[in-house]
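The next block holds one structure in the form of structure tokens; read it before the comments.
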Amino acid sequence: MSKIWFQPYNIEEINVFFNKYLSGLLEIKATEIDDNSITATMPVTDKVKQPHGILHGGASVVLAESLGSIASNLVVDPEKYRGVGLEVNANHIRPVSSGIITAKCSPIHIGRSTHIWEIKMYDRFDKLNCISRLTVAIVPK
């Protein structure tokens with residue numbers, strides 16, 4: 001598979017998006033971009049835990065949708081199109097109570113009107129804790 005990005009991007013440019021809005025509140029940061037994927041992290045702090053002291057499933061979904069939505073918007077011409085979330089699902093495999101979650105976002109389908117992304121999340125021991133799929137609609141600006 002060749003490079004999927006509309007133009008070359010670096011981590012600093014991507015983190016401008018992450019630093020804003022909900023992803024900024026949750027301290028989500030891009031850490032790596034390669035030809036076909038983006039990786040980001042989110043610290044497991046009290047603000048992303050549920051009352052039992054483990055990572056809230058909704059926080060995992062925010063990480064997945066933030067990462068996949070940004071990925072879609074890096075694929076399309078930003079002057080003509082934007083990607084907006086259409087559907088997201090997540091399977092929570094194991095609880096996480098501390099450390100950092102690392103999420104890797106890779107394409108399943110890159111079409112003209114929809115993109116589908118797989119986002120796998122790992123704990124600090126590199127164990128899979130959540131897998132998510134995000135469908136993004138590509139709409140004209």
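Within 6.0 Å of the CD atom in Glu79, the count of heavy atoms belonging to other residues, nucleotides or ligands does not exceed 12.
Here the closest heavy-atom approach between residue Asp123 and residue Asn129 is recorded as N-OD1, 3.9 Å. The nearest pair of heavy atoms linking Cys105 to Ala71 is SG-CB, 4.0 Å. The minimum heavy-atom distance between Ala103 and Leu67, with the atom names listed, is O-CD2, 3.6 Å. Between His92 and Cys130, the shortest heavy-atom distance links the atoms ND1-SG, 3.6 Å. Summarising the geometry of His52 relative to Gln50, their closest heavy-atom pair is N-OE1, 2.8 Å, with the distance given to 0.1 Å.
Note that CG of Leu22 is 6.0 Å distant from OG of Ser66, once rounded to the nearest 0.5 Å. To the nearest 0.5 angstrom, Lys80 atom NZ is 14.0 Å from Ile138 atom CD1. Summarising the geometry, atom NZ belonging to Lys141 is positioned 6.5 Å from atom CZ belonging to Arg82; distances are rounded to the nearest 0.5 Å. Between the CD atom in Glu65 and the OG atom in Ser23 there is a gap of 11.0 Å [rounded to 0.5 Å]. We find the CZ-CG distance between Arg94 and Leu55 to be 13.0 Å, quoted to the nearest 0.5 Å. Taken from CD in Glu118 to OG in Ser132, the straight-line distance is 9.5 Å, to the nearest 0.5 Å.
Cluster membership check: Leu26 shares its hydrophobic cluster with Leu63, using side-chain heavy-atom separations under 4.5 Å among Ile, Leu, Val, Met, Phe, Trp and Tyr. Under the 4.5 Å side-chain heavy-atom criterion for grouping Ile, Leu, Val, Met, Phe, Trp and Tyr, Ile70 is not connected to Tyr21 through any hydrophobic cluster. Hydrophobic cluster membership is shared by Ile110 and Val88, with clusters built from Ile, Leu, Val, Met, Phe, Trp and Tyr side chains linked at under 4.5 angstrom. Placement of Met121 and Ile54 in two distinct hydrophobic clusters is found when ILVMFWY residues are connected by side-chain heavy-atom separations under 4.5 Å, directly or transitively.
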Distance-only check: which donor-acceptor pairs under 3.5 Å involve side-chain atoms of residues 8-20, not counting sequence neighbours?
{"from": "Asn10", "atom 1": "OD1", "to": "Glu12", "atom 2": "N", "distance (Å)": "3.0"}
{"from": "Asn10", "atom 1": "OD1", "to": "Glu13", "atom 2": "N", "distance (Å)": "2.9"}
{"from": "Glu13", "atom 1": "OE1", "to": "Asn10", "atom 2": "N", "distance (Å)": "2.8"}
{"from": "Asn15", "atom 1": "OD1", "to": "Ala30", "atom 2": "N", "distance (Å)": "2.6"}
{"from": "Asn15", "atom 1": "ND2", "to": "Ile11", "atom 2": "O", "distance (Å)": "3.4"}
{"from": "Asn15", "atom 1": "ND2", "to": "Ala30", "atom 2": "O", "distance (Å)": "3.1"}
{"from": "Asn19", "atom 1": "OD1", "to": "Lys29", "atom 2": "NZ", "distance (Å)": "2.6"}
{"from": "Asn19", "atom 1": "ND2", "to": "Asn15", "atom 2": "O", "distance (Å)": "3.0"}

Show me, pair by pair, the donor-acceptor contacts under 3.5 angstrom made by side chains of residues 38-48, not counting sequence neighbours?
{"from": "Lys47", "atom 1": "NZ", "to": "Leu25", "atom 2": "O", "distance (Å)": "3.0"}
{"from": "Lys47", "atom 1": "NZ", "to": "Glu27", "atom 2": "OE2", "distance (Å)": "3.0"}

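Through side-chain heavy atoms spaced under 4.5 Å, either directly or across other Ile, Leu, Val, Met, Phe, Trp or Tyr residues, Tyr122 is tied to Ile93, Leu128, Ile131.
In terms of the side-chain hydrogen bond (donor to acceptor under 3.5 Å, both in side chains) criterion, Asn89 has no residue partners (sequence neighbours excluded). Ser72 pairs by the side-chain hydrogen bond (donor to acceptor under 3.5 Å, both in side chains) definition with His115, Trp117, not counting sequence neighbours. In this structure, the side chain to side chain contact (heavy atoms under 4.5 Å, CB included) partners of His109, at least two apart in sequence or on a different chain, are Thr114, Ile116.
The backbone N or O of Gly58 lies less than 3.5 Å from a partner atom in the side chain of His56, making a donor-acceptor pair.
Ile119 is listed as a side-chain neighbour of Leu134, based on a closest heavy-atom distance under 4.5 Å.
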Derivation and outcome, side-chain contact (heavy atoms from CB on, under 4.5 Å), residues Trp5 and Val75: CA-CA 4 Å; Trp5 314 119; Val75 169; 3.8 Å; yes
